[in-house]
Colleague: 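Take a look at the following structure, please.
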Amino acid sequence: MAQLEQFAPTYVCAPPAETASRGFWFHEDPLDYTVPATLAQVILVIVTFRLLYFLLKPLGQTKLTCHLLAGIILGPSLVGRNQFMRDKLLNLKDASLWATMGLLGATLSMFITAVKFDIRMARRTKLSFKIGVPGLLITIAVTLGLGYPLASFIPGIKKGIFPLFFFSILSFTFVPDVAPALDELNLMNSELGQIAMSSALHFELIQWLFSTVQEIATKEKASYGALTFISAVALAAFIVLVIRPLMVSIVEKTPQGQQEVKEHYVVAILVGALFLSFISDTIGCTFVLGPVLLGFVIPNGPPLGATLVAKTELLVSELLLPVFYLRIGFYANILTISDWKSFCTLQAILGASYVVKIVTVTTAALCCKISLRNSFLLGIMMNIKGIIDLTLFSRWLHSKLLNDAVYTQLLLAMLVGNIISTAFVYFTYRSHLRLGPSPEVPRIRNIRSVQPNSPFNILCCVHNDESIRNLTSLLEASNPTEASPICAYIVQAVELLGRTIPVLVPYKKKEGNRFSRINSLAHHMMQAFSNYSEKVDLS
């Protein structure tokens with residue numbers, strides 16, 4: 001009997017954890033409970049970020065920089081060193097909750113960025129390929145040539161094959177990193193901004209493939225890596241061949257003139273993005289691979305892309321992302337940096353990568369007859385880092401591929417690089433200047449410079465029906481004649497939500513084009529100008 005009692009299970013009765021306090025008047029500390037403590041943490045993070053953004057936005061700093069600064073300030077490097085803040089507000093007892101909220105925000109943020117981006121942009125400029133090739137290949141060659149031999153002098157980096165991928169990926173320029181920064185700086189619509197985006201887009205597939213190979217190569221067994229690769233290819237094929245036609249069919253089923261799709265479509269797509277993230281992580285790839293691929297195959301702009309962006313962007317950017325950046329900054333501790341020789345070695349490699357990319361992109365742009373000023377700015381734009389880099393750093397840290405000191409050094413290098421890059425671009429780029437070298441004799445055209453008996457070109461911008469009569473009256477008052485006719489270019493300015501770049505759509509398009517919805521709305525306005533041109537008297 002005694003032997004049976006020896007193997008009998010032991011039950012320990014523990015009271016269930018309380019999530020909410022009864023109140024301050026019951027002499028309970030609300031910060032000892034999960035719900036009020038989490039609310040206080042979210043408030044602290046958002047207020048800190050908003051204060052930093054208010055102070056640094058006039059200096060050309062983006063939200064990502066302010067988010068990252070807020071995370072580092074509230075982390076163990078500064079505020080987190082205070083015992084009260086560490087025990088009450090910034091403790092790690094709810095680390096799993098913070099990690100889940102943060103990763104959810106990062107996943108949806110990269111999904112929204114991919115939805116807003118027009119992947120056809122890669123075909124719009126021939127310069128992007130000529131600039132992007134050397135910018136990627138030469139930077140990888142130099143960074144890898146310096147970093148791989150010196151990896152043995154940086155003890156915080158796991159040895160083996162990982163340094164090969166580590167220093168190569170640090171040379172990449174990801175589209176979801178550059179797009180939000182240029183959008184905040186109001187440079188997405190500029191010529192230089194579009195070249196920067198299309199240059200990065202040309203090699204987005206290569207970069208994601210390289211990241212996937214890195215995930216596969218660092219597996220414990222080769223068979224795991226092979227299965228992961230096959231699963232990733234199958235996932236990408238499923239998204240392109242199956243999900244893409246479904247997204248197009250949703251757009252086609254939306255009635256003409258309707259700018260939003262039905263709510264159940266939005267819910268299904270958002271759940272699908274999370275499901276693809278789950279699948280990506282399950283097969284061994286990075287969890288953002290599926291949502292990003294899904295975002296790229298969704299038609300951007302109204303009705304589908306615009307609806308997705310309008311219903312999710314505010315919640316993600318203003319609530320979930322600050323939690324993600326707090327988690328990123330919370331694992332950065334400046335006090336862990338003690339080996340200054342290793343610190344200088346890694347920073348020298350990262351600095352050389354930045355300089356090489358600037359020089360390479362600048363030289364390639366100069367060969368494409370872009371002015372020196374704009375070429376140099378383009379090189380700086382291609383060095384902007386973002387959320388994908390932070391996600392990779394965090395994944396490497398939690399996979400024990402990096403230690404805390406190297407992780408902190410990467411964050412500091414990224415923070416300083418972004419502060420310098422965005423501020424320099426913000427204060428020096430002038431969108432009104434020519435992209436190429438200015439001619440020796442400036443051509444300034446105005447009404448007085450028009451030669452007699454020559455066509456007079458007018459650009460007419462139409463916003464609504466009310467402006468049609470005003471423009472036709474202006475054209476009639478200009479007194480067009482056969483000897484001196486007027487050539488009017490009519491442009492209807494429509495806000496296309498859910499896009500990161502503008503698009504110029506000709507009025508006459510083939511039937512079934514996805515812009516036919518816009519054409520149908522503009523038909524009666526264009527018809528009014530057509531009728532006026534037929535009835536105008538040029539005698």
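Atom set for the values below is all heavy atoms of this structure, side chains included, hydrogens, waters and symmetry mates excluded.
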Colleague: Quick one, Ile46 with Glu318, criterion side chain to side chain contact (heavy atoms under 4.5 Å, CB included). Give me CA distance, side-chain angles, the key distance, then yes/no.
Modeller: CA-CA 8 Å; Ile46 294 178; Glu318 300 300 333; 5.8 Å; no
Colleague: Can you find a heavy atom in the side chain of Phe324 that is under 4.5 Å from one in the side chain of Thr391?
Modeller: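 With C-beta onward as the side chain, the pair touches.
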Colleague: Looking only at atom types and distance, does a side-chain atom of Ser168 sit under 3.5 Å from a main-chain N or O of Ile140, one as donor and one as acceptor?
Modeller: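 Side chain of Ser168 to backbone of Ile140, a donor-acceptor pair under 3.5 Å: no, none is there.
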Colleague: For this output row, return yes or no: ring centroids of Tyr53 and His67 closer than 6.0 angstrom.
Modeller: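 They do not qualify: ring centres at least 6.0 Å apart.
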Colleague: Quick one: list whatever passes side chain to side chain contact (heavy atoms under 4.5 Å, CB included) with Thr48, sequence neighbours left out.
Modeller: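 So Thr48 forms a side chain to side chain contact (heavy atoms under 4.5 Å, CB included) with Leu44, Leu52, Ala70, Leu74.
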Colleague: Mark yes when over 12 heavy atoms from residues, nucleotides or ligands other than Phe427 sit less than 6.0 Å from its CZ; otherwise mark no.
Modeller: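 Yes, enclosed.
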Colleague: Supply the atom-to-atom distance Ile387 CD1 to Leu321 CG, rounded to the nearest 0.5 angstrom.
Modeller: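 Ile387 atom CD1 to Leu321 atom CG measures 5.0 Å (nearest 0.5 Å).
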Colleague: Are any non-hydrogen side-chain atoms of Tyr325 and Lys63 less than 4.5 angstrom apart?
Modeller: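 Side-chain contact under 4.5 Å: no.
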Colleague: Exactly one of Asp389, Leu402, Leu103, Ile328 should register a side-chain contact (heavy atoms from CB on, under 4.5 Å) with Ser394. Which one does?
Modeller: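 The residue from Asp389, Leu402, Leu103, Ile328 that satisfies side-chain contact (heavy atoms from CB on, under 4.5 Å) with Ser394 turns out to be Ile328.
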Colleague: Answer yes or no: is there a side-chain heavy-atom contact under 4.5 Å between Tyr331 and Arg327?
Modeller: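 When only atoms from C-beta onward are counted, Arg327 and Tyr331 do touch, with a gap below 4.5 Å.
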Colleague: For the atom pair CG (Leu319) and CG (Leu314), what is the distance rounded to the nearest 0.5 Å?
Modeller: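 Interatomic distance, Leu319 CG to Leu314 CG, rounded to 0.5 Å: 9.0 Å.
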Colleague: Without hydrogens or angle criteria, can the side chains of Ser371 and Asn374 be said to hold a donor-acceptor pair below 3.5 Å?
Modeller: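 Yes.
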Colleague: Please find the pair of heavy atoms, one from Ala423 and one from Gln61, that lie closest to each other, and give the distance.
Modeller: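 So the minimum-distance heavy-atom pair works out to CB-NE2, 3.5 Å.
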Colleague: With sequence neighbours excluded, give me every ring pair (Phe, Tyr, Trp, His ring centres under 6.0 Å) pair touching residues 181-201.
Modeller: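 Qualifying pairs: none.
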Colleague: Can you list, pair by pair, the side-chain donor-acceptor contacts under 3.5 Å of residues 232-241, counting residues two or more places apart and other chains?
Modeller:
none

Colleague: Minimum heavy-atom separation for Ser317 and Pro322, please, with both atom names.
Modeller: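 Scanning both residues, the minimum pair turns out to be O-CD, 3.6 Å.
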Colleague: Evaluate the side-chain proximity of Ile243 to Ile298: yes if any heavy-atom separation is below 4.5 Å, no if none is.
Modeller: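 Ile298 vs Ile243: side chains apart.
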Colleague: When rounded to the nearest 0.5 angstrom, what distance separates OH in Tyr407 from NE2 in His398?
Modeller: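 Taking OH in Tyr407 and NE2 in His398, the distance rounds to 6.5 Å.
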Colleague: Are Leu401 and Phe166 side-chain neighbours, meaning at least one heavy-atom pair lies under 4.5 Å?
Modeller: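 Of all side-chain heavy-atom pairs linking Phe166 with Leu401, none is under 4.5 Å.
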Colleague: Going through the distances and angles, do Leu415 and Ile72 end up as a side chain to side chain contact (heavy atoms under 4.5 Å, CB included)?
Modeller: CA-CA 10 Å; Leu415 180 62; Ile72 294 177; 4.0 Å; yes
Colleague: Looking at CD1 of Ile269 and CG of Leu308, how far apart are the two atoms once the value is rounded to the nearest 0.5 Å?
Modeller: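 If we round to the nearest 0.5 Å, Ile269:CD1 and Leu308:CG are 4.5 Å apart.
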Colleague: Does the side chain of Ile384 reach to within under 4.5 Å of the side chain of Leu64, using non-hydrogen atoms?
Modeller: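 The answer is no, as the side chains (C-beta and beyond) never meet within the 4.5 Å cut-off.
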Colleague: Judged by atom type as modelled, is there a donor-acceptor pair below 3.5 Å linking the side chain of Ser249 to the main-chain atoms of Leu246?
Modeller: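 Checking the backbone N and O of Leu246 against the side chain of Ser249, a donor-acceptor pair under 3.5 Å is found.
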Colleague: Look up atom CG in Leu397 and atom CG in Leu411, then write down how far apart they are to the nearest 0.5 Å.
Modeller: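 That separation rounds to 9.0 Å.
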Colleague: Within the structure provided, determine whether Met414 and Leu390 are in side-chain contact (heavy-atom separation under 4.5 Å).
Modeller: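 The answer is yes, as the side chains (C-beta and beyond) meet within the 4.5 Å cut-off.
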Colleague: Is there side-chain contact between Ile250 and Met247, with heavy atoms separated by less than 4.5 Å?
Modeller: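 Result yes, sub-4.5 Å side-chain heavy-atom pair found.
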Colleague: Take Phe49 and Leu69, measure what side chain to side chain contact (heavy atoms under 4.5 Å, CB included) needs, and give me the verdict at the end.
Modeller: CA-CA 8 Å; Phe49 156 68; Leu69 270 176; over 6 Å; no
Colleague: Measure the spacing between CG of Leu55 and NZ of Lys57 and express it to the nearest 0.5 Å.
Modeller: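 So the CG of Leu55 and the NZ of Lys57 are separated by 12.5 Å.
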Colleague: So which heavy atom on Arg244 is nearest to which on Val297, and how close?
Modeller: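 Smallest interatomic distance, heavy atoms only, reads NH1-O, 2.6 Å.
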Colleague: Do side-chain atoms of Asn383 reach the backbone of Gly417 as a donor and acceptor pair under 3.5 angstrom?
Modeller: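 Absent.
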Colleague: Please report the shortest heavy-atom distance between Ser109 and Val316, naming the atom on each side.
Modeller: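 Closest heavy-atom pair between Ser109 and Val316: N-CG1, 3.8 Å.
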Colleague: What are the two closest non-hydrogen atoms of Thr65 and Ile419, and how far apart are they?
Modeller: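 Reported closest heavy-atom pair: CG2-CG1, 3.6 Å.
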Colleague: For Leu392 and Ile169, which heavy atoms make the closest approach, and how far apart are they?
Modeller: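 For Leu392 and Ile169, the tightest heavy-atom pair comes out as CD1-CG2, 3.6 Å.
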Colleague: Step by step, work out the side chain to side chain contact (heavy atoms under 4.5 Å, CB included) result for Thr422 and Ile380.
Modeller: CA-CA 8 Å; Thr422 55; Ile380 294 178; over 6 Å; no
Colleague: State which residues pass ring pair (Phe, Tyr, Trp, His ring centres under 6.0 Å) with Tyr426; sequence neighbours excluded, sorted by chain then number.
Modeller: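 Applying ring pair (Phe, Tyr, Trp, His ring centres under 6.0 Å) to Tyr426 gives none.
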Colleague: Please list, chain by chain and in numerical order, all residues satisfying salt bridge (charged side-chain N to carboxylate O under 4.0 Å, His left out) with Glu313, sequence neighbours excluded.
Modeller: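 If we apply the salt bridge (charged side-chain N to carboxylate O under 4.0 Å, His left out) test to Glu313, skipping adjacent residues, the hits are Lys116.
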Colleague: For Ser231, enumerate each residue passing the side chain to side chain contact (heavy atoms under 4.5 Å, CB included) test, keeping only those at least two apart in sequence or located in another chain.
Modeller: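 With sequence neighbours excluded, Ser231 shows a side chain to side chain contact (heavy atoms under 4.5 Å, CB included) to Ile283, given in chain and number order.
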Colleague: If only atom types and distance count, is the side chain of Ser353 paired as donor or acceptor with the main-chain N or O of Ser171 below 3.5 Å?
Modeller: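 Pair absent, no side-chain N/O of Ser353 close to backbone of Ser171.
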